Amino acid sequence: MIVQLDNEAVAREYVHVVYETVVKRNPYEYEFHQAVKEILESLIPVLSKHPKYMKFGVLERIVEPERLITFRVPWVDDQGITHVNRGFRVQFNSAIGPYKGGLRFHPSVNASIIKFLGFEQTFKNSLTGQPIGGGKGGSDFDPKGKSDNEIMRFTQSFMTELYKYMGQDTDVPAGDIGVGAREIGYMFGQYKRIRGAYEAGVLTGKGIIYGGSLGRTEATGYGCVYFVNEMLQSKGLSFEGSTVVVSGSGNVAIYSMQKAIQLGAKVVACSDSNGYIYDKNGICLDTIRRLKEVERERISEYVKEHPTATYHEGCNGIWSIPCEIALPSATQNEIDEDAARILVSNGVIAVGEGANMPSTLEAIDVFLKAGVLFGPAKAANAGGVAVSALEMSQNSMRYSWQFHEVDDKLHAIMKNIYKSAVQAAEEYGHPGNLVVGANIAGFTKVADAMIAQGVV
Ligand code: GLU
């Protein structure tokens with residue numbers, strides 16, 4: 001008993017020192033600090049039980065990216081004016097496979113955002129059970145309001161630099177906020193042109209006609225709903241007849257809504273970066289899809305076609321809509337402590353994080369203390385990257401699975417992630433806490449691989 005207490009104190013001190021070093025070495029990178037803090041604190045029970053992770057300096061190594069690449073992305077707009085954006089790729093951890101993770105085009109992108117995403121990705125990818133390491137990238141380029149030609153010129157310029165660091169066995173990017181099928185298409189074209197070879201597995205999220213996987217578009221949203229469904233079923237509950245609020249209206253949000261509706265839920269709200277729509281009778285997904293996927297319109301247009309719905313400027317208010325299930329699928333830190341309290345007081349039963357780190361540390365605390373079923377991002381939204389790994393497998397085999405084959409595999413992967421998180425939480429003394437469970441389950445595999453490969 002005394003030994004155990006000692007070990008825990010040592011582990012706590014070790015975590016503290018590593019975290020303080022991260023803060024000192026990466027000043028002002030608040031999102032990165034937040035992601036590191038969330039993970040490190042939940043690892044204390046593992047470190048006390050297995051001091052080898054301290055002995056081999058695993059934490060010091062795991063918080064430092066293997067490589068961070070930044071580069072200039074010059075491009076010319078339709079008026080002939082030259083612009084310069086900044087490109088990033090963080091190659092965070094390659095212990096269990098080639099770097100894998102999306103590219104984000106959004107004005108908020110900076111080193112802190114890319115590093116928090118790359119760090120999270122390392123554990124998320126491990127949880128999928130697929131052989132993929134952690135990476136992330138992007139640019140502070142704002143695709144909003146840009147013409148098709150401007151998007152093409154920008155992505156070609158971006159790829160002209162990024163290609164040097166990519167490869168199907170090295171680093172395999174994909175989409176994220178602001179990067180969808182159109183951008184991946186332009187990037188794949190430019191990569192192929194520069195390399196002079198058709199390396200299908202170098203990017204995922206490709207179009208079906210040139211090497212993409214059926215089911216990849218739907219995977220993050222469907223996967224998130226499959227995960228939440230596992231949490232609900234553990235309490236004898238289901239989506240059937242429930243009221244759901246989904247933030248965002250991008251790829252993750254749209255396919256979460258589609259699957260939730262298929263499972264009998266009523267989705268009453270969704271949003272974009274300007275505001276949200278609310279329809280207590282249930283929103284029409286076909287309209288949202290047309291506005292967002294085809295016309296690239298603002299969500300405020302929705303109410304013109306559906307007068308029973310209301311549009312509200314600003315995004316935060318969406319969490320004041322009463323619901324049983326909340327699926328934050330827009331962006332980081334969109335649910336703060338106050339929003340979490342309102343959700344809880346309105347009777348939320350389950351939260352599934354479709355976006356990356358959408359809840360602040362304080363918000364997570366509120367959910368856990370209130371006994372809300374909480375599916376953390378790195379588990380709940382892992383379906384997207386999991387199917388990206390399946391796309392890589394199909395590309396290697398030069399073969400394509402049918403939609404139902406991919407969807408069945410995705411479903412099995414999400415069930416498995418849920419099971420691993422539940423088991424790890426239980427084994428390390430935090431039953432029901434999937435934040436701790438997912439972090440530990442994701443960590444141990446990467447950490448063991450790092451130890452096996454020596455100090456590299
Ligand atoms: N951007 C997605 C994520 O956050 C998908 C990454 C991928 O498919 O590589 O996991």
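These figures come from a predicted structure and were not determined experimentally. For the numbers below, each heavy atom of this structure counts, side chains included, while hydrogens, waters and symmetry mates do not.
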Mind checking salt bridge (Lys or Arg N to Asp or Glu O under 4.0 Å) for Asp407 and listing every partner two or more places apart, or none if nothing turns up? none
Under 3.5 Å, is there a donor on one side chain and an acceptor on the other for Lys259 and Gln262? yes
Ignoring hydrogens and angles, state whether a donor on the side chain of Ser139 or Asn85 is under 3.5 Å from an acceptor on the partner side chain. no
Tyr210 six-ring centre to Lys192 NZ/CZ under 6.0 Å and within 45° of normal: no
Donor + acceptor pair across side chains of Tyr255, Arg289 (<3.5 Å): yes
Without hydrogens or angle criteria, can the side chains of Glu297 and Tyr302 be said to hold a donor-acceptor pair below 3.5 Å? no
Do the side chains of Asp279 and Lys266 get close enough for a salt bridge, i.e. N-O under 4.0 angstrom? no
Checking Gln190 against Thr155: is there a side-chain donor and acceptor pair closer than 3.5 Å? no
Do we see a donor-acceptor contact under 3.5 Å between the side chains of Asn439 and Ser42? yes
Would you call Gln91 and Tyr165 a side-chain contact if the rule is heavy atoms closer than 4.5 Å? yes
Will you find, in the side chains of Asn381 and Asn356, an N or O donor that is under 3.5 Å from an N or O acceptor? yes
Scan for salt bridge (charged side-chain N to carboxylate O under 4.0 Å, His left out) pairs involving residues 376-397, sequence neighbours excluded, and state none if there are none. Glu38-Lys378, Glu120-Lys378, Lys206-Glu391
I'd like to know whether the aromatic ring centres of Phe158 and Phe88 sit less than 6.0 Å apart in this structure. no
Just checking, any donor-acceptor pair under 3.5 angstrom between side chains of Arg67 and Tyr99? yes
State, without any angle test, whether Glu313 and Tyr311 hold a side-chain donor-acceptor pair at a distance under 3.5 Å. yes
Does Ile69 reach the side chain of Lys164, with side-chain heavy atoms less than 4.5 Å apart? no
Has the side chain of Trp319 got a donor or acceptor atom that lies under 3.5 Å from a matching backbone atom of Pro328? no
With a 4.5 Å cut-off on side-chain heavy atoms, are Asn93 and Met450 touching? yes
Could you tell me whether the side chains of Glu31 and Ser112 share a donor-acceptor contact shorter than 3.5 Å? yes
Who are the salt bridge (Lys or Arg N to Asp or Glu O under 4.0 Å) partners of Glu41, not counting sequence neighbours? none
